[in-house]
Amino acid sequence: MSMIEFHDVQKYYGDFHALKDINLTMEAGETVVLIGPSGSGKSTLSRTINGLERIQSGQLIVNGQDLANPKTDMNRIRKNVGMVFQHFNLYENKSVLENIMLAPRIVLHRKEDENKKLAMQLLDQVGLADKANNMPSEISGGQAQRVAIARSLAMQPKALIFDEPTSALDPEMIDDVLGVMKTIANDSSMTMLVVTHEMGFAREVANRVIFMADGQILEDDATKEFFDHPKEERARQFLSKIINH
Amino acid sequence: MITILSDHWQELLTGLGWTLLSSILALIFSLIIGSLFAIMEVTESKVARTIARIYIEIFRNIPLLVITSFFYLVIPMYVVKVNGFTAGTIGLTIYTSAFIAETVRSGIQSVDPGQMEGARANGLTFWQAMSNVILPQAFRLVIPPLGNQFVNLVKNSSVLAFVAGFDLMYQANNIASITFDTINSYMVVGVLYLIITMPISYYMRYLEKRLA
């Protein structure tokens, strides 16, 4: 079974039709990059996958469970689908280490010593073991985003959604974050959906690239195919703007 | 003032005790009840929001004396007999919790919504997110107004005098009627109230500085 399946998904904000006839399948282990102009619905689409946004019709099956069904336990889905936000959303009242350890402790009931060991391992992996006892307000944006990634990884999810993870960062911080993401994409069997404008990253790690505009998926291609021969005129325009800016 | 103190220290001490006990009980319960209604106000459930709204609007806008009289004079007629202290403390709790609910709600709403989203996306339930992430930050933000509520609560506990609650104000009335020394009776009690409320003010200011 596929990890994520959209079947004719519609999403409205009042009268505004935010997602139109979305059909999309992501297999386990796949890395998919989602691009498109602002307001195209890519953030909304990514946020429907863990139920932060509800869909109004269609079927959205994540890890075997239908999110359109009001009886579906969202917490169970969120245990398996992590999310990394544009603005990190680290817990401001907890230290870096506690940010990573909180959910595994109270959601997964992981043993304290094991929890701490894994958290330190992850901090080490993202290059921030020395910041374990700092508060989120004491570290830079790029560091905060790497902590947020470690926090998601600590749940050992099957899928990880990145919603513009580098858009709020200073340019010199972006590479560190992308580096961590590349490692995850290459080394793990996690399904990754990345909403981003980083075309270099997309070229290097994505299996597929999806282009959205006006709430619709206009193009869904293998990465090389997409960059070399974009079919849609709007995708071509978008690419030329974003690459030659 | 010295004569009042030396002649009536026993009554004053009793009054101080009841005032303190009533204030502490009302403080604990109105913090719990107020926080609960504050959380109800920010849930997705329309029923919970409506219930909280109604409670807050009613008890915030009725004089404390009316609420307390209701418990002291009306409830005993139909339900169960309550003494003055209990009626006063219940009235105080209900009244104060409405204000604390508003204060805590404003605190919760000042916390970046991203904190809740981050917590939910991380797998926490609404209540886990509230207790571990949102409330600790919300309380920190509302320490100054919460301190005001605590000071008000101690002062408002003088409502007990009206329902024979044996508190400081009640003792002051008694001492004044016995000694006819109204000025000094009420001055002594005023000072005793200050002794309770000033440390609260200072402690809240200290907390505010330390946690800011």
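In what follows, every chain begins at residue 1, and chains take the letters A, B, ... in the order their sequences are listed.
Residues B:Gln137 and A:Asn93 share a closest heavy-atom pair of NE2-OD1, 3.3 Å. The two residues B:Leu124 and A:Asn75 come nearest to each other via the heavy atoms O-OD1, 3.7 Å. The two residues A:Phe85 and B:Gly118 come nearest to each other via the heavy atoms CE1-CA, 3.7 Å.
With rounding to the nearest 0.5 Å, the separation of CD in A:Glu92 from CD in B:Gln115 is 5.0 Å.
Shown here is A:Tyr13, whose OH atom has more than 12 heavy atoms of other residues, nucleotides or ligands within 6.0 Å. Surrounding NZ of A:Lys116 are at most 12 heavy atoms belonging to other residues, nucleotides or ligands under 6.0 Å away. Surrounding CZ of B:Phe150 are more than 12 heavy atoms belonging to other residues, nucleotides or ligands, all under 6.0 Å away. By the 6.0 Å contact criterion, CD on A:Glu112 is enclosed, its count of non-hydrogen atoms from other residues, nucleotides or ligands being greater than 12. The number of heavy-atom neighbours closer than 6.0 Å to NZ of A:Lys182, taken from other residues, nucleotides and ligands shown, is above 12. More than 12 heavy atoms of other residues, nucleotides or ligands sit less than 6.0 Å from atom CZ of B:Arg49. Annotation for B:Phe126: atom CZ counts as buried by contact number, over 12 foreign heavy atoms lying within 6.0 Å.
For chain B, the option among A:His87, A:Met74, A:Arg151, A:Met83 with the highest count of heavy-atom pairs below 4.5 Å is A:Arg151. For the set A:Ile106, A:Asn50, A:Leu52, the count of heavy-atom pairs under 4.5 angstrom toward chain B peaks at A:Ile106.
A:Tyr91 and B:Asn122 are linked by a side-chain donor-acceptor pair at a separation below 3.5 angstrom, with hydrogens and angles left out of the test.
Residue contact with chain B, scored on non-hydrogen atoms closer than 4.5 Å, involves the backbone of A:Val81 exclusively. Contact annotation for A:Leu90: only backbone heavy atoms (N, CA, C, O) come within less than 4.5 Å of a heavy atom of chain B. The contact between A:Arg47 and chain B is made entirely by side chain atoms (from C-beta outward), counting heavy-atom distances below 4.5 Å.
For B:Gln128 (side chain) and A:Val107 (main-chain N/O), no donor-acceptor pair under 3.5 Å exists by modelled atom type. Checking side-chain atoms of B:Glu117 against main-chain N and O of A:Asn89 turns up no donor-acceptor pair under 3.5 Å.
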